[in-house]
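So you know, we letter chains A, B, ... as the sequences are listed, proteins then strands, and number each from 1.
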2 protein chains.
Amino acid sequence: MTEDELSRVFAALADPRRRDMVARLAIRDATVNELAAPYDVSVQAISKHLRVLEDAGLVSRSKDGQRRPVHLEAGVFDLMTKWIERYRREAEDRFRRLDAVLEQMEPAAERRGAAS
Amino acid sequence: MTEDELSRVFAALADPRRRDMVARLAIRDATVNELAAPYDVSVQAISKHLRVLEDAGLVSRSKDGQRRPVHLEAGVFDLMTKWIERYRREAEDRFRRLDAVLEQMEPAAERRGAAS
DNA sequence: AACGTGTTCAACCACATGGTTGACAACGAT
DNA sequence: ATCGTTGTCAACCATGTGGTTGAACACGTT
């Protein structure tokens, strides 16, 4: 479940255009047309991109007259950072352990108290 | 430059299998065969996945006899967290500002979408 | 030298994705 | 009621991606 959502989130952010839209949505909500304006593609293409972002839980679309303001759901970021931090930490721990091993292997080391 | 690399990193991590490999590589380096073992796919497929991870800068492959131990390059994580944190912060600032505005507006007023 | 192991390369297939255009639905304005 | 605007849906096309199998390369072993 989370596994799948994480995949969608990463996939959604793998596109520069979508990342740019997220960046702009971080500043303020925007309609589909507003979002499409800066790019040289059809509005339909942007609508598709928004669908991807929405399926990933990164944005939500509400209804206001005939326009649909898009809103960034920043909560999903936590999902990513949690995943990243976990393995970053694991890798760092590992480096630390490796350093310890290397210190211990130091042949010229004096017989002081060993690192615990 | 970073733009493109970021795309590759996100795309690389959009695949559950590749994320799983990263998770395992966070614990220890591994050869292609070791990495392929748990999955029900060909070694060639894993080799391709590793190429994707390598192009994203997430892993490096060295040479040791005829095997090529794969090593996690945890530094790339920083790239992601930096991107994420930036917009998360921006979005949070924005919420804070919005809250301030709402407070300032007497609660008698209806919540109307403010044009920028 | 010959063989087996570990890994990659090449060609191929199925499917997903990003783009297009055209039609349609929903709503505001005239 | 009709028209223009906003946005989505559907069909289509080109390209990318993950999988396969078969061949080749590199290295250790016999």
Side-chain angles (χ1 to χ4, degrees), chain A residues 3-22 24-25 28-72, chain B residues 3-22 24-25 28-72 110 112-116:
Chain A
E3 188 64 22
D4 215 37
E5 179 169 13
L6 208 45
S7 291
R8 278 194 298 259
V9 173
F10 278 126
L13 293 178
D15 185 290
R17 195 107 67 189
R18 284 195 293 258
R19 275 203 310 282
D20 189 54
M21 289 197 280
V22 166
R24 291 164 57 206
L25 287 169
R28 69 175 68 89
D29 292 357
T31 68
V32 178
N33 260 311
E34 285 167 359
L35 284 170
Y39 314 120
D40 194 20
V41 296
S42 63
V43 183
Q44 290 94 321
I46 299 302
S47 188
K48 273 197 190 179
H49 280 304
L50 285 172
R51 187 124 168 61
V52 173
L53 288 171
E54 190 176 24
D55 286 349
L58 276 160
V59 307
S60 60
R61 287 185 275 191
S62 43
K63 211 180 158 194
D64 172 33
Q66 73 244 55
R67 35 195 84 163
R68 265 143 257 196
V70 182
H71 175 76
L72 182 64
Chain B
E3 187 63 24
D4 214 38
E5 179 170 10
L6 206 46
S7 291
R8 279 194 297 260
V9 172
F10 279 127
L13 293 177
D15 185 291
R17 195 107 67 188
R18 284 195 293 258
R19 276 203 308 282
D20 189 54
M21 290 198 279
V22 166
R24 290 164 58 206
L25 287 169
R28 69 175 67 88
D29 291 357
T31 69
V32 178
N33 260 313
E34 285 167 359
L35 284 169
Y39 315 121
D40 194 21
V41 296
S42 64
V43 184
Q44 290 95 319
I46 300 301
S47 187
K48 274 197 190 178
H49 280 303
L50 285 172
R51 186 124 168 61
V52 174
L53 289 171
E54 190 177 24
D55 287 348
L58 276 160
V59 307
S60 60
R61 288 186 273 191
S62 42
K63 211 179 158 192
D64 172 33
Q66 73 243 55
R67 36 195 83 165
R68 265 143 258 192
V70 182
H71 175 75
L72 182 64
E110 58 179 315
R112 186 175 297 195
S116 52

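- Between C/dG19 and A/Arg17, a contact under 4.0 Å exists linking OP1 or OP2 to a side-chain N or O.
- The side-chain hydrogen bond (donor to acceptor under 3.5 Å, both in side chains) search around B/Asp29 returns A/Arg94, B/His71, not counting sequence neighbours.
- The separation between B/Lys48 atom NZ and C/dG6 atom C1' is 18 Å, rounded to whole Å.
- One can place CZ of B/Arg51 at 13 Å from C1' of C/dT7, the figure rounded to the nearest angstrom.
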Stepwise side chain to side chain contact (heavy atoms under 4.5 Å, CB included) check, B/Thr31 with B/Asp64: CA-CA 10 Å; B/Thr31 69; B/Asp64 172 33; over 6 Å; no
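- The distance from atom CD1 of B/Ile46 to atom C1' of C/dG6 is 14 Å, rounded to the nearest whole Å.
- Residues passing the salt bridge (Lys or Arg N to Asp or Glu O under 4.0 Å) test with A/Asp20: none are found, sequence neighbours excluded.
- For C/dA26, the OP1/OP2 oxygens have no side-chain nitrogen or oxygen of A/Lys63 closer than 4.0 Å.
- For C/dT8, one of the phosphate oxygens OP1 or OP2 lies less than 4.0 angstrom from a side-chain nitrogen or oxygen of B/Ser47.
- Taking for each of A/Arg61 and A/Gln66 the nucleotide of DNA chain D with the nearest heavy atom, the 5'-most of the two is the partner of A/Gln66.
- A donor-acceptor pair is defined here as one N or O able to donate and one able to accept, closer than 3.5 Å; no such pair exists between the side chain of A/Arg68 and the backbone of A/Arg61.
- Between B/Thr31 and A/Val52, the one whose closest nucleotide on DNA chain C sits nearer the 5' end is B/Thr31.
- Around the CZ atom of B/Arg67, the shell of radius 6.0 Å holds no more than 12 heavy atoms that belong to other residues, nucleotides or ligands.
- Closest approach of B/Leu25 and B/Ala30 over heavy atoms only: CD2-N, 3.7 Å.
- What separates CG of A/Asp64 from C1' of C/dC27 is a distance of 11 Å, to the nearest Å.
- A straight line from NE2 of B/His49 to C1' of C/dT8 spans 15 Å, rounded to a whole angstrom.
- The nearest heavy atom of DNA chain C to B/Val32 and to A/Gln44 marks one nucleotide each, and the one closer to the 5' end goes with B/Val32.
- One can place CG of A/Asn33 at 15 Å from C1' of C/dA26, the figure rounded to the nearest angstrom.
- One atom, CG of A/Leu13, and another, P of C/dG18, lie 12 Å apart when rounded to the nearest Å.
- The phosphate of C/dG28 has neither OP1 nor OP2 within less than 4.0 Å of any side-chain N or O from A/Arg67.
- For the pair B/Asp15 CG and C/dT17 P, the interatomic distance rounds to 12 Å; values are reported in whole Å.
- Between B/Phe10 and A/Leu13, the closest heavy-atom pair is CD1-O, 3.4 Å.
- Chain B approaches DNA chain D over the interval D/dG18 to D/dG28, counting the first and last nucleotide 5' to 3' with an atom under 4.0 Å from its heavy atoms.
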